**Student:** 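Mind looking over this structure? Questions follow.
Just so we're on the same page: letters track the sequence lines, and every chain starts at 1. Keep in mind that this is a model prediction, so the values were computed, not measured.
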2 protein chains.
Amino acid sequence: MPPKDSETEKDGLFVQSIARAMDVLSIFHQVDRPLSLQEISSLTGLGRSNVQRILFTLRSLGYITRDPDDRGYVPGLRLLDHSLDFLRLNPVVVKATPILLELRRAVRERVDLSIWDDLRLVYASRLQSKREILTSTFIGYSVPVFCVSGGWAILAQLEEAEADSILTRSYRAAFTPKTLTDLGALKEKIRETREAGYATALEQVLPGEIAIGAAILDQARRPVAAIHVAGSLSEWTPEDFTRQFAPLLVQAARTISRV
Amino acid sequence: MPPKDSETEKDGLFVQSIARAMDVLSIFHQVDRPLSLQEISSLTGLGRSNVQRILFTLRSLGYITRDPDDRGYVPGLRLLDHSLDFLRLNPVVVKATPILLELRRAVRERVDLSIWDDLRLVYASRLQSKREILTSTFIGYSVPVFCVSGGWAILAQLEEAEADSILTRSYRAAFTPKTLTDLGALKEKIRETREAGYATALEQVLPGEIAIGAAILDQARRPVAAIHVAGSLSEWTPEDFTRQFAPLLVQAARTISRV
DNA sequence: ACTGGAGTATCGCTGTGCGATACAGTTGTA
DNA sequence: TACAACTGTATCGCACAGCGATACTCCAGT
């Protein structure tokens with residue numbers, strides 16, 4: 001029943017100006033610097049005048065600001081208000097937060113929650129460990145499902161066909177030399193995960209990192225999110241890490257899943 | 001030169017559909033539960049059909065989702081993508097993040113960064129202490145400038161007239177019995193802050209909490225944000241807390257301000 | 001003085017988004 | 001069962017809002 005975003009559909013109920021405005025905002029996903037009017041125009045494919053009007057509007061609403069040095073446009077502070085709304089109103093996030101805090105207290109390593117969105121996992125909250133390195137501490141950051149422990153835990157909860165679809169549709173680029181990209185290896189990993197009840201990932205995204213992940217299920221027993229505990233291989237052997245933390249992780253995931 | 005959002009202005013470059021869509025999204029700021037079509041319609045003052053079309057559009061773009069139980073509309077995951085863009089592209093946030101991590105390592109108490117937005121401070125990043133209580137750990141959360149240490153630090157950097165304007169325009173409701181709301185007392189506090197170079201807040205927002213704050217300045221020496229170190233009065237006397245942490249806090253703020 | 005690049009403004013035509021209205025499923029209750 | 005009171009969805013013309021073309025104003029660097 002969710003409306004489709006297909007192109008050549010006869011959807012007369014689609015408000016195009018809104019989509020165009022969101023396109024403008026979304027352009028910043030691709031870049032890491034302020035953009036000029038022209039740049040936005042060419043990147044979005046919208047006309048200069050149009051972009052000017054859209055920017056004017058978004059700017060008066062606070063969703064776009066000028067760069068401090070007035071060298072271009074950047075996303076505005078008001079966007080944070082909306083992400084807060086998402087977090088406040090998302091039942092999984094709300095339910096998980098206190099449990100994650102408790103888990104964090106018990107394990108004293110990095111603990112986080114990410115929400116499943118088709119091919120990716122989006123970090124919704126992250127509780128740092130004592131000595132956090134510079135890994136992007138930002139929420140909203142997303143990683144591919146296929147190569148993180150939480151992703152495997154989620155895939156393990158799906159029908160094989162659905163999991164396969166996700167794996168094959170994923171663009172499986174390696175983050176580190178250890179990143180699993182082979183389809184067979186991944187399927188095997190998922191099988192292991194299904195038996196263990198949680199997933200272990202060694203240096204899949206960051207060198208020297210070990211992470212274990214478990215899936216969060218909704219009432220219909222469908223995975224919707226995942227939680228992780230992550231630590232450093234310089235401090236732990238994989239065996240010790242999982243022996244110590246996996247039971248706590250699984251217990252926490254179960255508690256959150258109980259709705 | 002920032003466009004004004006006045007009502008009866010002759011702004012023919014303002015795209016109203018966008019504003020309406022954002023109104024719909026913003027409606028969730030006021031509530032803490034899923035909303036129905038009708039509710040959104042009456043809360044925004046927009047017609048039912050219109051809201052339906054806007055929701056359809058926002059939904060196909062991922063900015064609105066249906067509640068898991070299909071009981072209403074809620075903000076969608078895609079909003080997080082945009083808040084990430086804001087964080088990634090904001091020079092203050094980028095500059096501050098590593099320094100805050102270091103500061104956090106030194107003080108082992110809660111450390112956070114908030115961005116100044118007229119009457120409020122919006123949390124942009126927050127590094128938890130070892131035993132974090134359930135205080136909203138979410139970014140995007142905002143507090144009034146008039147009653148937090150970082151706010152005082154910012155006000156202390158402004159011309160007296162501007163600071164006064166902010167104080168008087170603020171809706172000065174008390175969060176705790178200790179919250180300062182009296183104009184005279186606040187001005188005095190700001191004077192103290194200006195001399196000390198940082199601000200100390202005792203139980204202004206949360207009972208039992210002590211926080212110290214310092215302002216972040218841009219190239220023009222204008223305040224744009226603030227950083228805090230916050231701890232519990234059950235573990236610290238105000239004197240010990242400030243003696244230990246204020247120098248580090250001020251040093252960090254200075255480092256971030258150097259652009 | 002020129003050129004190329006910023007952002008801003010103007011102004012008709014057209015197409016798009018508005019409102020009214022009607023339809024279709026759920027839930028609760030008389 | 002029928003009905004009422006809700007949900008969300010679809011249709012369809014008219015009016016006006018938003019588009020594109022064009023032109024203007026600054027500013028930086030030749």
**Student:** Near DNA chain C, counting only heavy atoms under 4.0 Å, which residues of residues 62-76 of chain B show up?
**Tutor:** none
**Student:** Write down the distance between CG (A:L58) and P (D:dG18), rounded to a whole number of angstrom.
**Tutor:** 13 Å
**Student:** Tell me: CD of B:Q38 to P of C:dT26, nearest whole Å?
**Tutor:**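 Spelled out: CD on B:Q38 to P on C:dT26 is 17 Å.
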**Student:** Can you give me the closest heavy-atom contact between B:A96 and B:L113, atom names plus distance?
**Tutor:**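 Nearest pair, atom of B:A96 first, then B:L113: CB-CD2, 3.9 Å.
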**Student:** Just how far, in rounded Å, is P of D:dG18 from CG of A:L55?
**Tutor:** 16 Å
**Student:** Axis-to-axis angle across the helix from C:dA1-D:dT30 to C:dC23-D:dG8, five pairs an end, to 10 degrees?
**Tutor:** 50°
**Student:** Has B:R59 got its NZ or CZ under 6.0 Å from the middle of the six-membered ring of B:Y73, at an angle within 45 degrees of the ring axis?
**Tutor:**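 No; the conditions do not both hold, so B:R59 does not lie above the ring face of B:Y73.
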**Student:** Would you kindly give the CZ-to-P distance between B:R53 and C:dA20, to the nearest whole Å?
**Tutor:** 11 Å
**Student:** Verify the neighbour count for atom CD of A:E162: are there more than 12 heavy atoms of other residues, nucleotides or ligands below 6.0 Å?
**Tutor:**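 Yes - once you tally the heavy atoms of other residues, nucleotides and ligands closer than 6.0 Å, there are more than 12.
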**Student:** Rounded to whole Å, please give me the gap between CZ in A:F14 and P in C:dC18.
**Tutor:** 13 Å
**Student:** How long is the straight-line distance from CG of A:L43 back to OG of A:S26, given to the nearest 0.5 Å?
**Tutor:**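 With rounding to 0.5 Å, OG (A:S26) is 12.0 Å from CG (A:L43).
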**Student:** Return the value, rounded to whole Å, for the distance between atom CZ of A:R33 and atom P of C:dA6.
**Tutor:**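 Distance, rounded to whole Å: 11 Å.
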**Student:** Give the nucleotide from the list C:dA6, D:dT22, C:dG19 with an atom nearest to the side chain of A:S49.
**Tutor:**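 Looking only at heavy atoms from C-beta outward on A:S49, the closest nucleotide is D:dT22.
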**Student:** With respect to the side chain of B:L37, which nucleotide from C:dT8, D:dT9, C:dG19 is positioned closest?
**Tutor:** D:dT9
**Student:** Please identify which of these residues, A:L103, A:D112, A:L101, A:T97, meets the side chain to side chain contact (heavy atoms under 4.5 Å, CB included) condition with A:L127.
**Tutor:**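 Answer after filtering A:L103, A:D112, A:L101, A:T97: A:L101.
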**Student:** Atom CG of A:L35 to atom C1' of C:dA6: distance rounded to whole Å?
**Tutor:** 14 Å
**Student:** Sequence neighbours excluded, which residues qualify as ring pair (Phe, Tyr, Trp, His ring centres under 6.0 Å) partners of B:H82?
**Tutor:**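 A:H29, B:Y63.
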**Student:** Any side-chain donor-acceptor pair under 3.5 Å between B:T57 and B:R53?
**Tutor:**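 No, no side-chain donor-acceptor contact under 3.5 Å.
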**Student:** Give every pair of a protein N or O atom and an N or O atom of nucleotides 13-17 of chain D that lie under 3.5 Å apart, one pair per line with the distance.
**Tutor:**
none

**Student:** Donor-acceptor pair, distance only, cut-off 3.5 Å: does the side chain of A:R172 make one with the backbone of A:F146?
**Tutor:** no
**Student:** Heavy atoms from C-beta onward define the side chain here; which of D:dT9, C:dG7, D:dG20 lies closest to that of B:Q52?
**Tutor:** D:dT9
**Student:** Will you find, in the side chains of A:R48 and A:Q38, an N or O donor that is under 3.5 Å from an N or O acceptor?
**Tutor:**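 Side chains of A:R48 and A:Q38: pair found under 3.5 Å.
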**Student:** Run the side chain to side chain contact (heavy atoms under 4.5 Å, CB included) check on B:L77 and A:F86 step by step: do they pass?
**Tutor:** CA-CA 7 Å; B:L77 181 60; A:F86 170 81; 3.7 Å; yes
**Student:** For A:E39 and C:dA6, what is the distance between atoms CD and C1' respectively, to the nearest whole Å?
**Tutor:** 11 Å
**Student:** Any heavy-atom pair between the side chains of A:T193 and A:Y198 that's under 4.5 Å?
**Tutor:**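 Of all side-chain heavy-atom pairs linking A:T193 with A:Y198, none is under 4.5 Å.
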**Student:** For nucleotides 23-30 of chain D, just jot down a letter per nucleotide in 5' to 3' order: B, S or -, based on protein non-hydrogen atoms under 4.0 Å.
**Tutor:** --------
**Student:** Would you call A:E39 and A:R33 a salt bridge, taking side-chain N to carboxylate O under 4.0 Å as the test?
**Tutor:**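 Salt bridge present between A:E39 and A:R33.
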**Student:** Under the side chain to side chain contact (heavy atoms under 4.5 Å, CB included) rule, collect the residues that match up with B:V143, sequence neighbours excluded.
**Tutor:**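 By the side chain to side chain contact (heavy atoms under 4.5 Å, CB included) rule, B:V143 matches B:L121, B:Y123, B:Y141, B:V148.
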**Student:** At less than 4.0 Å, is any side-chain N or O atom of A:N50 found next to OP1 or OP2 of D:dG18? Yes or no.
**Tutor:** no
**Student:** Kindly determine whether B:D118 and B:R169 satisfy salt bridge (charged side-chain N to carboxylate O under 4.0 Å, His left out), including the steps that lead there.
**Tutor:** CA-CA 10 Å; B:D118 195 28; B:R169 277 156 50 224; 2.6 Å; yes
